[in-house]
Amino acid sequence: MNSKTTKRSVTTSMPFHTMSKDEVLRQLGTREEGLSREEVSAKLAKHGKNLLQEKKNKPLLLKLLDQFKNVMIFILLAAAVLSGILGEWTDTVIILVVVILNAVLGVIQENKAEQALAALKGMSSPMAKVRRDGQVAQVKSEELVPGDIVLLEAGNMVPADVRLLSAASLQTEEAALTGESVPADKQAGVLEEADLVIGDRTNMAYMSSNVSYGRGEGVVTATGMDTEVGRIAGYISEEDEDVTPLQRKLDELGKYFTYIILGVCAVILAVGLLEGRGLLDMVLTSISLAVAAIPEGLPAIVTIILALGVQRMAARKAIIRKLPAVETLGSTEIVCSDKTGTLTLNRMTVERLFLDGKADDAASGVAELAGGNLLLSAMALCNDSSIDEAGGKRGAQADAEKKPPKAARSGAVILGDPTETALVDYALSVGIDKRELERRYPRTGELPFDSDRKLMTTVHKVEDGYRLFTKGAPDVLLQRCTRILSGGEVVPLEESHRQQVAEGNKALAGEALRVLAFAYRDEAQEPGQLTSESAEAELVFIGLAGMIDPPREEVRDAVEVCRRAGIRPVMITGDHRDTAAAIARRLGILRDDRGVLTGRELDRMGEEEFARRVTDFSVYARVSPEHKVRIVKAWKKQGKIVAMTGDGVNDAPALKAADIGVGMGITGTDVAKGVSDMVLADDNFTTIVVAVEEGRKVYSNIRKAIQFLLSANLGEVLTLFIATLIGWRILEPIHILWINLVTDTLPALALGLEKTDTDAMSKKPRKASSSIFAGGLGPAIIYQGIVEAALTLLVYGWAHHHYNEGIAVTMAFATLGLLQITHAFNVRSNRKSLLQIGVATNRYLLGAGVISALLLVLVILIPGLNDWFGVTHLNPAQWGIVCAAAIGIVLIVEAVKLVMRLSGKGKAWD
């Protein structure tokens, strides 16, 4: 566990599930009659209120200042100051607006993240029923203390962590906390093993879970931050100190710029002074060079490219909450996914049947089999769930706006326990309507399900008497049967039949199905007082039904795409080992059972051993929130970029710990969505693959923008540097600023709209540690910057010898500007020819090029404006030379690309 996690009280570390009722009461200093008013006051003073604490938020001013702790921001602020010294106040204002806008966006994102804990607090129960001084009373749940005796019944939210003292058919819905897709059966007995995960502590009930069935009584063992939900709140409230790969790379880029700018300026200043030029003149020259070297628009352009990626992803059901997450998605190497509701439908579904001695798929014509209708009747009638008459069937629009209905197969909205709704849904899907059956065969008596006897029985009036239907655990129910339905006939239950049923049950359980058995008995007269001994005996065995929360159909293909893209999917779930392994095998996540690890096995591993062996496992079962965080952090120690998907409260710590937290938009809790970087609007795992593809596209386009801007700025710096050494006064600061503003910004933005390569998802993810200049980007920037400078100096040198100084400066200005516009088309790919890509395939870049060229040319053509810029008109021949130079960089870069492709190094340069 992270050392920052909120420290827990001594009592919460005690294994209450292993203690007897008397021992628990003694340890907590209480009794079955409850605490006295004085004892409650004393404990409340000691333990505090039963509330989740929020971390102390930073003042708004500090949050704002934190956004400026970035090398690139410091450089931009320096550029603003330098521009002001040069009198270019427009550029100063633009830079400051960009910096402030970035800071404001950062503060907004930080405030959104803080809403997660507020959502978690909202899950606590407002009121609780307790026994104090022997009297039952309703109190505010925040006033509960360890030792309080709490009464629970169906519909209640568990107000604190509770050790059960009694339980009558008690079930709690713990999916948000444990990840299990069905309610957990609870009992009050002692459990022997101390190291059980939350989902296996059947004599405990936990804060924020719901009582779905039955009733119970328990003693509060932990409140507030000491509860299991409190531990999760502790994780959420930890400081998030991680930075994204893009943020690290931009910081790295800023450091490079700092060194280069200082070095070049120092050399220029020294050379100028040695040549006897004035100090003020050389200081201004150095400043103009520094402004030329700084890519003022880079942070804004990166932010805009990310924002454009966010819009595209939102249209494809992936909602990005934090801008840097877009780029990080592109480098994702591990996707740790919760099972329930993410990889599966989060709906129990009847999948296999065992009838008349053999197992069949539930999709087969069960009604046509001997005994099939009887089995379907038992499923529908021995069942407390109901079909929502008002809801009817949902249309596509309703499905998109609301949580999916409990029953997917029939399309009806069915209310009740997930296991029972699955049975009614299956019967309805093959034409057996529970409502119609109940009208024909009304229920006249029942024995509710009990977790001790593991059976449920209902009595129905039929045409010639009464029929009892019983369902329950196969091994228990089979012992109550003396006959069996075989070939449509009732025959005595022989040992061979028992063996056959046992093998059928084992086969279904081996597929990780939850198996229920069904039986019946006919009576001429209505049974008197129903007891288990009288009603659940001498039964006729009908068959078995195997159920599972099935995987989403489209996920298997998504998993395969992940593998091709070099992304490893990992399943993390609170479900049992066999269930998790079966689903993982179906989805292609698991190749053999050696890749499965349980939470208990993980507890026995030290941090070093687990970090070493984490690559061996693809499935984790019966895990707790702490385990999920350990798994994510172990992969991160391997240097991997990790995405974690989830929808429950139990997933929140791991979602926050991951590089990319992916919450579910439909079934996800507000807590899970609050800590996520991305939310799937359709709860579809395949949308993650779409998001990764978009992330790769965004990063590729950011690299193109960086390549374009840096090669352009390098061309400017080299032009000024070499010209200064020669003694030429080639360009004024206003020329550089105008080129940076006009010919850099629009084309760089248009590069952010470049289409994705068709093979984007067939490449391995880039390493998080790889430099932003990797893959040939650094060499490309250098040689392309040199080409820009060489062509500009060549045009200026030729004009300097053939025309006056004004014409030479104008031609150099026009050449450098147009060179950068045409060069933008070069950087669309470092491997493919522009002819392969198509000159007009990025219409945004075409438009940006035309607009930038017009703005550049108009400065030269418009009288008065050209005087202000210190340029003059050019004749057609002079324009021809300028345009030839601008096209020349395209021809040179195309030649380099051809050489790279022929040498076999082209792929490494993209």
Roughly how far, to the nearest 0.5 Å, is [atom2] of [Y] from [atom1] of [X]?
X: I851; Y: L856; atom1: CD1; atom2: CG; answer: 13.5 Å
X: L329; Y: D659; atom1: CG; atom2: CG; answer: 10.0 Å
X: E788; Y: T719; atom1: CD; atom2: OG1; answer: 7.5 Å
X: E333; Y: R568; atom1: CD; atom2: CZ; answer: 12.0 Å
X: S331; Y: I641; atom1: OG; atom2: CD1; answer: 4.5 Å
X: N826; Y: T822; atom1: CG; atom2: OG1; answer: 6.5 Å

Name each donor-acceptor pair under 3.5 Å that joins a side chain in residues 803-811 to protein atoms two or more places apart or in another chain, with its distance.
{"from": "N804", "atom 1": "OD1", "to": "G806", "atom 2": "N", "distance (Å)": "3.1"}
{"from": "N804", "atom 1": "OD1", "to": "I807", "atom 2": "N", "distance (Å)": "2.8"}
{"from": "E805", "atom 1": "OE1", "to": "Y796", "atom 2": "OH", "distance (Å)": "3.3"}
{"from": "E805", "atom 1": "OE1", "to": "H800", "atom 2": "ND1", "distance (Å)": "3.0"}
{"from": "E805", "atom 1": "OE2", "to": "Y796", "atom 2": "OH", "distance (Å)": "2.5"}
{"from": "T810", "atom 1": "OG1", "to": "G806", "atom 2": "O", "distance (Å)": "2.8"}
{"from": "T810", "atom 1": "OG1", "to": "T872", "atom 2": "N", "distance (Å)": "2.9"}

Checking the side chain of [X] only, and the main-chain atoms of [Y] only, is there a donor and an acceptor separated by less than 3.5 Å?
X: K832; Y: I837; result: no
X: K897; Y: S829; result: yes
X: Q836; Y: S833; result: yes
X: R563; Y: I589; result: yes
X: H823; Y: F708; result: no
X: R828; Y: K704; result: no
X: T332; Y: I334; result: no

Margin query: Taking side-chain contact (heavy atoms from CB on, under 4.5 Å) as the criterion, tell me which of I320, V698, T687 meets it with M313.
Written below: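 Among I320, V698, T687, the one that satisfies the side-chain contact (heavy atoms from CB on, under 4.5 Å) with M313 is I320.
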
Checklist line | 4.5 Å side-chain heavy-atom contact, L720 and I730 | finding: yes

Next item on the list: Using the side-chain contact (heavy atoms from CB on, under 4.5 Å) rule, take V893 and Q784 through it: C-alpha gap first, then chi angles, then the decisive distance, then the call.
Entry: CA-CA 8 Å; V893 172; Q784 289 162 8; 4.1 Å; yes

Margin query: Which residues pass the ring-ring contact (aromatic ring centres under 6.0 Å, His included) test with H873, not counting sequence neighbours?
Written below: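 For H873, no residue satisfies ring-ring contact (aromatic ring centres under 6.0 Å, His included) once neighbours in sequence are set aside.
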
